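Chain A is the first sequence line, chain B the second, and so forth, proteins listed ahead of strands; every chain is numbered from 1. Values in this document were obtained by computation on a predicted structure and should not be read as measured data. Values below: all heavy atoms of this structure, side chains included; hydrogens, waters and symmetry mates excluded.
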Amino acid sequence: MALLEIRDLHATVGNREILKGIDLTVKAGEVHAIMGPNGSGKSTLAQVLAGRDLYNVTGGQVLYDGKDLLELDPEERAQQGIFLAFQYPVEIPGVSNLYFLKAALNTIRKSRGEAELDAMDFLNLVREKMSLMDMDQALLNRPVNAGFSGGEKKRNEIFQMAVLEPRLAILDETDSGLDIDALKLVAHGVNTLRSPERSMIVVTHYQRLLNYIVPDFVHVLADGRLVKSGGKELALELEESGYAGLGIYDEEEAVGKA
Amino acid sequence: MSAVAEKVGSWLEEFTRQPKAEDRLQELREAAFERFSKTGFPTTHDEEWRFTNVAPIARKPWRVQEPGVRSQESGGLLAQLAKYAPQTNPFVALNTAFLSNVAYLHVRRGEVSEEPIEITHRASGDGAFHARTLIVVGPGAQCTIVETYEGEGQYFQNAVTEIVAGEGAVVDHYKVQRESAEAFHVATMQVQLGRSANFTSHNISLGAALARNDIGAVLAEGTEATLNGLYIVNGTQHVDNHTSIDHAKPHGTSHELYKGILDGKATAVFNGRIIVRQDAQKTDSKQTNKNLVLSDEAVIDTKPELQIFADDVRCTHGATIGQLDAESLFYLQSRGIGKSAARSLLTYAFAQDIADRIKIPSLKDSLERILIEKFHEHAC
């Protein structure tokens with residue numbers, strides 16, 4: 001059975017339709033890359049799956065583990081194993097990383113009927129995952145994402161993912177703004193988390209990330225629809241000829257030319 | 001006239017009922033009562049009291065009770081009593097008219113008082129309480145004072161605190177107001193600061209049905225004053241903070257940060273006056289008031305009041321009124337934290353930086369506990 005099944009998904013923000021009928025099936029252990037120009041709806045898809053109420057789903061269906069995903073609150077989705085690595089991780093002054101992550105992990109564990117981790121076990125787990133992401137432990141006592149560099153924020157997202165161990169991870173432009181060293185580090189973190197039980201949707205504008213996180217499938221999203229799907233070679237094809245090679249024009253670039 | 005007479009009537013009875021005091025005290029009382037008799041209680045027609053209606057206090061005939069602090073030796077401080085608090089304020093006049101037990105505190109020249117000095121004003125039972133505190137800190141001396149206001153039942157606490165700090169003195173003042181939910185709390189604190197003195201006020205307002213704080217500080221040359229405040233109101237609570245920072249001389253610095261959290265139908269007022277006198281060149285002053293409004297029915301009135309007469313100064317002010325950030329809420333929820341726990345966590349976080357400024361570990365811990373109880377019942 002597929003872990004995630006998206007059928008003819010439509011979503012709007014305000015009066016504007018962003019997703020115009022998405023179909024996508026993700027099985028356990030698969031990594032799907034979704035590529036597309038700016039404004040094609042990539043981030044909307046990621047946020048709709050995580051439950052952001054900014055978007056209205058106006059049609060279609062999303063089944064997660066056979067159940068209706070769209071009925072669930074964002075926290076219920078997280079408790080059932082969905083994780084969104086944010087394109088723009090949110091700064092939360094006044095809440096320490098450590099406190100935040102412990103609250104998150106223990107709420108998720110509790111919802112699954114597992115025992116909460118005590119301070120010692122939690123700290124051991126966190127130290128292990130931090131070294132995976134080569135993160136400074138001092139960051140634990142700093143407020144969530146506040147004053148972090150762009151790269152630190154993205155690493156923090158993957159670090160959170162490593163601690164929370166989701167079944168379905170959605171990475172929303174986790175590569176944007178990263179230099180090559182940070183990109184390799186993030187990719188290494190993600191690759192370590194690949195497993196036959198864990199599925200991933202990797203949303204990206206550029207092919208570069210897919211050199212390091214090699215996907216099983218690549219889909220091209222344009223104007224709210226998946227216009228082309230294929231294997232990892234599709235990403236290389238895009239690298240060669242650009243979106244224009246597929247007859248797709250980047251909204252921003254098009255505006256620039258006009 | 002009749003309205004004023006009505007208001008003053010029961011107070012006259014109380015005033016004549018109290019036994020006579022020694023000469024100086026009795027003189028202060030009589031002069032003050034005369035002033036109060038003329039003005040009566042302020043109404044919302046008075047600009048200073050526009051958003052705070054004290055009619056529920058004025059209407060009720062209160063029996064005057066002994067303040068919770070036992071009488072102390074004045075140790076030669078009597079001469080300084082009632083010299084600083086503004087006598088034009090009717091509540092200060094009323095407090096002075098009923099001077100009896102005064103909490104005197106004298107930190108002598110150069111003395112460093114390591115342990116925080118705690119003064120607890122406890123109102124036990126109904127009635128009116130006129131807590132009075134005089135703190136005199138000598139030149140170069142250093143101390144930390146914690147004033148706590150608490151009690152049970154419906155009472156009226158009308159407190160006046162005067163602080164005089166000498167040249168180069170360092171004074172940290174904490175006020176924790178956790179009066180009963182039915183109480184009326186009106187408090188005036190006036191601070192006279194010497195040259196190069198360093199004064200910090202932490203004003204934590206949690207309790208009372210109606211609370212009004214008037215905090216005034218007069219700075220001398222090179223004085224540094226920091227005013228931090230946190231007010232948390234819910235239900236039908238009302239809190240009003242009026243602060244006044246008077247830069248009288250050059251090279252003074254003042255930092256003011258007041259934060260409020262409002263829920264239910266609560267109302268709050270912040271009025272921050274900054275005066276920079278003509279002589280007070282090179283003044284550096286910053287005022288910030290931030291409000292987190294958690295319900296649709298809560299109301300905040302915030303107003304900076306800058307009176308600047310010098311030309312070479314830096315004064316900034318800003319006020320914000322906001323709700324919990326939707327994106328932050330979603331971020332927390334997307335990590336599995338339930339909506340109400342996420343709201344509590346963000347609300348707690350809003351107050352965190354005020355808690356972080358508290359330098360007494362035990363007080364910081366107890367405030368954090370109170371914040372967690374108030375906002376955090378659902379989180380982990």
Using non-hydrogen atoms only, which part of A:Arg52 is less than 4.5 Å away from chain B: side chain, backbone, both, or neither? both
Let me know if A:Gln160 has heavy atoms under 4.5 Å from chain B in its side chain, its backbone, both or neither. side chain
Under a 4.0 Å N-O cut-off, is there an ion pair linking A:Glu157 with B:Arg335? yes
Taking all atoms of both residues into account, what is the closest heavy-atom pair of [X] and [Y], and its distance?
| X | Y | value |
| --- | --- | --- |
| A:Val90 | B:Glu327 | CG2-O, 3.9 Å |
| B:Ser328 | A:Ile92 | O-CD1, 4.2 Å |
| B:Ala349 | A:Val95 | CB-CG2, 3.5 Å |

Other residues, nucleotides, ligands: >12 heavy atoms within 6.0 Å of [X] [atom1]:
| X | atom1 | answer |
| --- | --- | --- |
| B:Lys286 | NZ | no |
| A:Asp136 | CG | yes |
| B:Lys290 | NZ | no |
| B:Arg314 | CZ | no |
| B:Gln323 | CD | no |
| A:Phe122 | CZ | yes |

Side chain of A:Gln79, backbone of B:Gly336: donor and acceptor closer than 3.5 Å?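 Between the backbone of B:Gly336 and the side chain of A:Gln79 there is a qualifying donor-acceptor contact (under 3.5 Å).
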Hey, could you give me the OG/CD distance between B:Ser340 and A:Glu75, rounded to the nearest 0.5 Å?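 The OG atom of B:Ser340 sits 8.5 Å away from the CD atom of A:Glu75.
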Is there side-chain contact between B:Tyr331 and A:Phe100, with heavy atoms separated by less than 4.5 Å? yes
Under 4.5 Å from any heavy atom of chain A - which part of B:Gln333: both
Chain A contact via B:Ala351 - which portion, at a heavy-atom distance below 4.5 Å: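 No part of B:Ala351 comes within 4.5 Å of chain A.
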Leading residue by heavy atom contact count with chain B [cutoff under 4.5 Å; candidates A:Ser111, A:Gly51, A:Pro74]: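 The option with the most such pairs is A:Pro74.
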